[in-house]
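Reading through the structure tokens given below for one structure.
Since the model is a prediction, treat every value here as computed from it, not as a measurement.
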Amino acid sequence: MAISRSTYGTRRLAIVLFACLLVALLLLPSQSQRLLQYVGGPLGQVLSLPLAAFSSVDHGIADMWNGYVALQSVHEENRQLHRDIELLKGQNNQLRESMTAVQRYETLLNFKQQSPSQTLAAQVIGRDATNWYRGMILNKGESDGVRTEMGVITPAGVVGRVVKTNSTSSVVLLVTDPNNAIAGVVQRTRDEGIVEGTSHGRARLKYIPLLSRVQAGDRVVTSGLTGAFPRGLAIGSLIQVEKSEGDLFQSAEIEPEVDLSKLDEVLIITAPYEDADAAQKLLQAIHGDRKKP
Amino acid sequence: MKFLLYVLLALVVVPLQTTLLHYAGVFGVRPDLGLIAACLVGFLGGELDGLILGLMLGCFQDMLSAGDLWINVVTKGGSGFLAGLAGRHMAHITPAVMTAGLAIISCLSSAVFLYSMNPAGLDEVWLGVRSTVLVQAGLDAAVGAGLYLLFRQRWSDDRMVTEGAL
């Protein structure tokens, strides 16, 4: 009963205080504002501590949300962008490669158009199956008209000759193989010889006349005496002339004109001269005229 | 079935040898996968298996090589057969034995190639031995031993006597 009375008294006291506060606020607004400010200062300071704590927690949660949970999509987006970059890099590389290939084809086409020979473009698809021959495999074979002994060139010069064919591919023996021999002539002195490959991956011009004044730096071209190549195709440059006492001939080492390790496309000479029939008829006519007297 | 498997193996090994293997070359010399395959099958499967696979591989390799048409057939077939004979007389094949055996057979095979090249003199023979024969023997032995270790789990140590199966 005592508790009930006390509660009642407190409530009445609270109502009276609240009423006084309202009256004071209505009748003395400025003074009550100052009073409240005066009392609110320390209260604000007291409140600032939990406020800062809660605020930091709030920021922590927000950071966690934004940095981890909400960033799931950003992470995925980042991965997608990385994939896009890789894809674009690949495409860029392919385009560069295509551009290089187009330039090579353009050079090859220009050479083909200017060349006096009938040629067939082919791609290098492999190297010799053994380590013992310097050869390469082309993607053109008998079904494309390729036959053995046909010459193989690039715009830079002689590559080799076809030694094996099947219906879809052919094998070329490079000019640097010791088993290869091509008739060559020194461009400056017009001395003829036979170009053979060496064991060191170069070529050698053999059977140069002893009195010849060939020297290092002279260019060697095809003589046109053998059927596979027309006259005047570059084979290489002399780098060292050797003349031993007692020998009947000189010989010289040749640096091939074509970098044979970096070949992608080549031309196969299907007919050394464009109008082979006309040339044949002309030769026959000349021989015929000679026989008449 | 085994014959078909060998045909497939040959159809994989030879194009691989002519196209991608130059990336694995040392001083411009590549391991001879055909020889390694023939020897491994010979060692583990018997001389007939080695001979047949060697002949097939050699035939395919000859088609894609500038050399004479017989040389790979003879060397690869012979290598497979020789490996089979060697394997038959061994109680237990270890990686060391495989390495030594492959190196010896590779040298013998290369000697046939060297002979067929008609070297001008001893200098050229020595050059061929130094620059190609020894390097290729080392590569063949290393690759062969590696493949043997890789596939040893799949083969039992007892040799498969399969002449009748072919």
Cut-off 4.5 Å, heavy atoms of chain A, and the answer for D68(B) is backbone
Note: vs chain B, highest number of non-hydrogen pairs under 4.5 angstrom among R127(A), R134(A), M136(A) is R127(A)
The interface call for E124(B) against chain A, heavy-atom contacts under 4.5 Å, is side chain
_Is it the case that atom CG in L211(A) sees more than 12 heavy atoms from other parts of the structure closer than 6.0 Å?_
no
Most heavy-atom pairs under 4.5 Å with chain A, out of N72(B), L114(B), V14(B), N118(B), belong to L114(B)
- R83(A), CZ atom: more than 12 neighbouring heavy atoms under 6.0 Å: yes
Looking at E242(A), is its backbone amide N or carbonyl O close enough to the side chain of Q250(A) to form a donor-acceptor pair, meaning the two atoms are under 3.5 Å apart? no
Honestly, the part of L64(B) sitting under 4.5 Å from a heavy atom of chain A is both
Looking at Q215(A), is its backbone amide N or carbonyl O close enough to the side chain of D218(A) to form a donor-acceptor pair, meaning the two atoms are under 3.5 Å apart? yes
Scored by heavy-atom pairs under 4.5 Å with chain B, the best of N179(A), I125(A), T130(A) is T130(A)
key: L95(A) atom CG, neighbour heavy-atom count above 12 within 6.0 Å   = yes
In terms of heavy-atom pairs under 4.5 Å with chain B, the winner among S199(A), G135(A), P178(A) is S199(A)
- Indicate whether the side chain of N166(A) and that of S169(A) have a donor and an acceptor atom separated by less than 3.5 Å. yes
In terms of heavy-atom pairs under 4.5 Å with chain A, the winner among G28(B), S116(B), A66(B), P119(B) is A66(B)
Highest number of heavy-atom pairs under 4.5 Å with chain A among S131(B), G67(B), G34(B), G128(B) belongs to G67(B)
When the ring planes of Y133(A) and F113(B) are compared, do they come out parallel, tilted or perpendicular, using 30° and 60° as the limits? perpendicular
